[in-house]
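Here is the structure we will look at.
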Amino acid sequence: MSMNWTLPVRPPFSLPAVIRSHGWVQLAPFASDDEQQTLSYISELDSGRVVEIQISETGGGVNISVEGPLEEREMVDVSDRVKWMIGLDQDLAEFYARARGEPKLAHVEEQGRGRILRSPSLFEDIVKTVLTTNTAWSGTVRMVGALVSHFGAPLANDPSRRTFPSPERVAVSDEGTLRAQARLGYRASYILSLARSVASGALDLEGFKNPEIGTPELRKQLLAIKGVGDYAAANLLVLLGRYDFLPVDSWALKCVSHEWHDGQPIGRAEVEAAFEAWGAFKGLAYWFWDWSYLSDER
DNA sequence: GGTAGACCTGGACGC
DNA sequence: GCGTCCAGGTCTACC
């Protein structure tokens, strides 16, 4: 029995825009259809039940479909996860107002862009972010896929699909296993250390979502995690809805160089300078900028 | 506060 | 085949 219900959205909203906001949809346990109109995610609910959450856009909101029956508290749990994943809590009015005056961002409001796909837990987003560093994207996809297939909890009616492993599941493993089975390389010790800190209760990552924590303090706490440096911290801050810092990576350097420096080699300072005027919206302006470099490649 | 050098892995590339 | 390079960085040691 499939259970369906709808969550309201704050227009402008576009589910495909969230799905395409970055590469996260390509990382297990996310999945989408060929046209990237719908989103699927395998999740272990607080009740312990493992479900596939299917999300699609309807006339006035987003439709959630889960193979049931579910208890009321499980439906609330699923709704909360979906709200966070696709940013239903976010009000982007101020960013849209600023973006109207910038041709390179003129598309954001009309296309309902501005929300960035995120995992239900910050633990998962930190692990995935660390697994994007110093590797090709194909390596990230491979490592995340291996973590899910070796350590995730299976979906009852399709064991080939699994959840992203909980901190507890990773914590009981060891570095050698993470290296050998998930092929995490030197990142294995970072992931294991993080998982054990969270599983033991020493580190409350979900507390990082508290809007009362100042962004500089939040950044400091993220940087204290082994494997999280300037880029990763800024990327995670963006996922947490804080846009004051730019996730400057090699890709950013390439785009900014082609946008304003004739393709000449540049450094972090040039990227920062390019978006300084956007203040608290720096991260969003950077994320959704219509880069000439990418347009030229098309 | 700034910066070499090392770091797992696997795909791309040149030979 | 085989060796080298390096990819959506970070850590450590050293200055």
Side-chain angles (χ1 to χ4, degrees), chain A residues 19-28 30 116-119 123-151 170 173-197 203 216 218-240 243 245-259 261 263 265-272 274-275 282-298:
Chain A
I19 294 172
R20 293 168 191 157
S21 57
H22 60 143
W24 254 215
V25 69
Q26 298 169 34
L27 301 179
F30 280 116
I116 298 166
L117 183 64
R118 45 195 179 187
S119 308
F123 170 72
E124 182 175 335
D125 273 341
I126 293 176
V127 171
K128 286 176 172 175
T129 299
V130 169
L131 296 185
T132 65
T133 60
N134 196 30
T135 186
W137 177 249
S138 60
T140 305
V141 173
R142 174 183 54 75
M143 288 185 275
V144 172
L147 265 183
V148 169
S149 62
H150 287 289
F151 301 96
V170 179
S173 183
D174 56 76
E175 186 176 336
T177 305
L178 289 172
R179 279 179 180 258
Q181 295 197 1
R183 312 297 290 169
L184 299 187
Y186 69 87
R187 304 172 191 82
S189 66
Y190 300 159
I191 303 308
L192 183 62
S193 168
L194 176 66
R196 289 185 172 166
S197 295
L203 185 61
L218 195 51
R219 177 169 178 270
K220 198 172 142 191
Q221 293 185 34
L222 287 167
L223 287 172
I225 298 169
K226 277 279 164 52
V228 175
D230 278 336
Y231 158 75
N235 190 64
L236 290 162
L237 283 174
V238 169
L239 293 179
L240 286 166
Y243 311 115
F245 293 89
L246 292 177
V248 180
D249 52 17
S250 56
W251 187 78
L253 296 175
K254 201 177 288 183
C255 288
V256 171
S257 169
H258 282 269
E259 193 81 2
H261 299 277
I266 60 166
R268 181 189 179 88
E270 284 82 355
V271 181
E272 294 284 352
F275 288 94
K282 261 193 275 187
L284 274 183
Y286 157 76
W287 201 284
F288 292 102
W289 198 261
D290 183 16
W291 301 103
S292 315
Y293 178 60
L294 301 181
S295 305
D296 293 348
E297 276 193 336
R298 285 177 199 134

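A note on names: the letters A, B, ... follow the listed sequences, proteins ahead of strands, and every chain is numbered from 1. Here the structure is a predicted model, which is why all the values come from computation and not from measurement.
To the nearest angstrom, C1' of dG9(C) lies 12 Å from CG of L223(A). For W137(A) and dC6(C), the CH2 to C1' distance is 18 Å, given to the nearest whole Å. Between M143(A) atom CE and dC8(B) atom C1' there is a gap of 8 Å when expressed in whole angstrom units. One atom, CG of L131(A), and another, P of dG10(B), lie 13 Å apart when rounded to the nearest Å. Atom CZ in F245(A) sits roughly 25 Å away from atom P in dG8(C) (whole-Å rounding). dC7(B) atom P lies 19 Å from atom CD1 of I191(A), rounded to whole Å. Atom CZ in R183(A) sits about 17 Å away from atom P in dC7(B), given to the nearest Å. In this structure, R268(A) atom CZ and dG1(B) atom P are separated by 15 Å, rounded to whole Å.
The partner of dC8(B) cannot be assigned: no Watson-Crick or G-U wobble pair with both contacts below 3.5 Å exists in any strand. Base pairing of dG8(C) is not made with any nucleotide, judged by Watson-Crick or G-U wobble geometry with both donor-acceptor distances under 3.5 Å.
If you check every strand for non-hydrogen atoms under 4.0 Å, K226(A) touches sugar and phosphate atoms only. Within 4.0 Å (heavy atoms only), T132(A) reaches sugar-phosphate atoms of the nucleic acid but no base atom. When heavy atoms are screened at a 4.0 angstrom cut-off, G139(A) is found touching no nucleic acid atom at all.
When the nucleotides dC7(B), dT12(C), dT9(B) are ranked by their closest atom to the side chain of Y186(A), dC7(B) comes out on top. When the nucleotides dC8(B), dT9(B), dG8(C) are ranked by their closest atom to the side chain of N134(A), dC8(B) comes out on top. Nearest to the side-chain atoms of R179(A) among the listed nucleotides dC8(B), dG10(B), dG8(C) stands dC8(B).
Checking V228(A) against N235(A), the closest nucleotide of DNA chain C that is more toward the 5' end is the one next to N235(A). Judged by closest nucleotide on DNA chain B, G185(A) is the one of G185(A) and S138(A) placed further toward the 5' end. With DNA chain C read from its 5' end, the first of the two nearest nucleotides for A136(A) and A232(A) is the one closest to A136(A).
Between the side chain of S193(A) and the backbone N or O of Y190(A) there is no donor-acceptor pair closer than 3.5 Å. With hydrogens and angles ignored, the 3.5 Å screen pairs no side-chain donor or acceptor of Q221(A) with any backbone N or O of L218(A). No donor-acceptor distance shorter than 3.5 angstrom exists from the side chain of H258(A) to the backbone of S292(A), with no hydrogens or angles considered. No donor-acceptor distance shorter than 3.5 angstrom exists from the side chain of R187(A) to the backbone of L131(A), with no hydrogens or angles considered.
A salt bridge does not link D174(A) with R179(A): every distance from a Lys NZ or Arg NE/NH1/NH2 to an Asp or Glu carboxylate oxygen is 4.0 Å or more.
The shortest distance between the side-chain N/O atoms of S250(A) and the OP1/OP2 oxygens of dG9(C) is below 4.0 Å. A close approach under 4.0 Å does not occur between any side-chain nitrogen or oxygen of R142(A) and OP1 or OP2 of dT9(B).
The same atom, P, is picked in dG8(C) and in dT12(C); the two are 24 Å apart, to the nearest Å. Nucleotides dC2(C) and dC8(B), compared at atom P, are 24 Å apart to the nearest Å. Across the P atoms, dG5(B) and dC5(C) are found 14 Å apart, a figure rounded to whole Å.
Checked by distance alone, Y190(A) brings no side-chain donor or acceptor within 3.5 Å of a matching partner on the base of dG9(C).
A tilted orientation is assigned to the rings of W289(A) and W291(A), their planes being inclined by 30° to 60°.
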